[in-house]
Number of protein chains: 2
Amino acid sequence: MDDRSLSERPNSTGLQEPSDLQLTDKQWNILDAALAVFTEKGFSAATTSEIARQAGVSEGTIFRHFKTKKDILLAMLVPLIRNTMGPKSVNSLTQMIVKNENLPLREVLLMIALERQDFLLENQALLRLILTEAQYHPELREAIIGEVAYKSQEQLIRLIEQRQQKGEIRQDLPAWVLVRSFFGMVVVYMLSGVMLTKREAGKDNREEILKIIDLFLNGAVAEK
Amino acid sequence: MDDRSLSERPNSTGLQEPSDLQLTDKQWNILDAALAVFTEKGFSAATTSEIARQAGVSEGTIFRHFKTKKDILLAMLVPLIRNTMGPKSVNSLTQMIVKNENLPLREVLLMIALERQDFLLENQALLRLILTEAQYHPELREAIIGEVAYKSQEQLIRLIEQRQQKGEIRQDLPAWVLVRSFFGMVVVYMLSGVMLTKREAGKDNREEILKIIDLFLNGAVAEK
DNA sequence: TCACAATGTAAGTAATCACTCACTTTTTAG
DNA sequence: CTAAAAAGTGAGTGATTACTTACATTGTGA
């Protein structure tokens, strides 16, 4: 089985919400298949019969466990965001920030950017599905913003304020401006890399990311 | 009429406004209605019967002019990108760049950012539709990248290289790194403004954009 | 005026959809 | 071991889908 993100069994991820307590193997098969079909076709174009086929169960079985097609989507994505993407995303940020308080900011930002890049490449299809369907399902929008975007931003703000207090970073700009700007530089760089060019996964672009960090730290104007 | 889609009409090769294309009023009604329905529900969830209802024509009329539902989408979006969004986007950039060669870069960047913001807010729903459906329709992806993204980037690169030659901007970074970084800072700032907060359209955020430009130009490190 | 093509339409059509139901098999509790 | 409960099944179901067709209306050129 392609071990991407759903294949963690419930007892390996700890306590969960009541709605996703104790899922049987068959239920996980269904959600795994749903992830594959939804990411390939999108929610509306995906059919429950194809999910059943890929899960190796009958269509009736699906509706024994999930009331509606939309329920399948949410039962899969909301716990995935809340219990896997969210914590993974936030914890790795927190760790990098507290463990490297004395490292030059440049080094910390590089670690963060590279880690975000891995995360993005590994979860490309899943993230695309979430962002697409977030337009039509407010529950998803709230989950991804609250559990990933907002909490990640909070951690980065902590990092920036920490460095502002050290006098390392200018204090005349609010931390959130610095955070969102840095995030924007890095993410748009990575997305345009994926969209405009054929980048092989894991291509070494350390040097280019360092240039962006240099730009973020020192600015675009020429030295006087 | 056997034409598969408007973009293939032999006399539409030159640059033309969408109103110049040989479309009857009824065809425009259909495309107008299609735009409304597609942006609200997405391509897959939209139905031809609702498009017909909103256009005030029978369903048969739709299929007299467009062979398939997908043809409606492409006949509407591809010319819109090629003849309206693309030129509008690129020309305003070009004008701002050549007309203000002697203005401080800071001022030019502010103009560009504000203009991009207007464009984004005005075309929010349309852009969301295009980006969503670009996942499933390569023709759309190619159109939006080739006609808008790539050409806009080219103009901004001209601006940056112009300033690099003047010695105003550091020359140790490739222009495209500067361009994409600036674009990323601004766009992510605007998107997070739309997503995370309730911003009224046209809210005055000139000061905040100026802070981002300041950051882009002077960097995040504290003065020595 | 008339012939004829282009345009418009309502009533289809076959396919497919999400979902149900009557029934069988498997799991669980005492 | 047994009986009830839970899980699984595949053949339905009515609704809805994109698209067609047979026919009516309109526009046009001579």
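Because the structure is predicted, anything quoted here is derived from the model rather than measured. The figures that follow rest on heavy atoms only: side chains count, while hydrogens, waters and symmetry mates do not.
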**OP:** Round to a whole Å and report the spacing from CZ of A:Phe43 to P of C:dC17.
**Re:** 14 Å
**OP:** Let me know the distance between CZ of B:Phe63 and C1' of C:dA11, rounded to the nearest Å.
**Re:** 15 Å
**OP:** Measure the distance from CZ on B:Arg53 to P on D:dT17 and round it to the nearest whole Å.
**Re:** 12 Å
**OP:** Could you tell me the separation between the CD1 atom of B:Ile62 and the C1' atom of C:dT7, rounded to a whole number of Å?
**Re:** 14 Å
Subject >> Salt-bridge present (A:Lys151, A:Glu147; N to O < 4.0 Å) >> reply: yes
**OP:** Among the candidates C:dA10, D:dA18, D:dC19, find the nucleotide nearest to the side-chain atoms of B:Ser58.
**Re:** C:dA10
Subject >> Value in whole Å for how far the C1' atom of C:dT27 lies from CD of A:Gln27 >> reply: 14 Å
**OP:** Ignoring hydrogens and angles, state whether a donor on the side chain of A:Gln54 or A:Asn29 is under 3.5 Å from an acceptor on the partner side chain.
**Re:** no
**OP:** Looking only at side-chain atoms of A:Thr61, point me to the closest of D:dC19, D:dT9, C:dC19.
**Re:** D:dT9
Subject >> Pairwise 5' ranking along DNA chain C for A:Lys70 and A:Arg64, keeping only the more 5' one >> reply: A:Lys70
**OP:** Starting from P on D:dC19, measure out to CG on B:Leu73 and report it in whole angstrom.
**Re:** 12 Å
Original post:
A:Glu115 and A:Ser92: side-chain hydrogen bond (donor to acceptor under 3.5 Å, both in side chains), yes or no, with the steps?
Top reply: CA-CA 8 Å; A:Glu115 190 267 344; A:Ser92 66; 2.8 Å; yes
**OP:** Give the rounded distance in Å between these two atoms: CD of B:Glu59 and C1' of D:dT16.
**Re:** 11 Å
Original post:
With a 4.0 Å cut-off on heavy atoms, is A:Ala52 in touch with a base, just the backbone sugar-phosphate, or nothing at all?
Top reply: nothing
Original post:
So which nucleotide from D:dC19, D:dA7, C:dT9 ends up closest to the side chain of A:His65?
Top reply: D:dA7
**OP:** Could you go through the side-chain contact (heavy atoms from CB on, under 4.5 Å) check for A:His137 and A:Leu77 one step at a time?
**Re:** CA-CA 11 Å; A:His137 307 285; A:Leu77 289 185; over 6 Å; no
Original post:
Under 6.0 Å from the six-membered ring centre of A:Phe43 and within 45° of its axis: does the NZ or CZ of A:Lys69 meet both?
Top reply: yes
Subject >> Touch class at under 4.0 angstrom, heavy-atom based, for B:Ala46 against every strand present >> reply: sugar-phosphate
Original post:
Does a nitrogen or oxygen in the side chain of B:Thr48 sit under 4.0 Å from OP1 or OP2 of D:dA18?
Top reply: yes
**OP:** Please state how far atom CD1 in B:Ile72 lies from atom P in D:dA18, giving the value in whole angstrom units.
**Re:** 9 Å
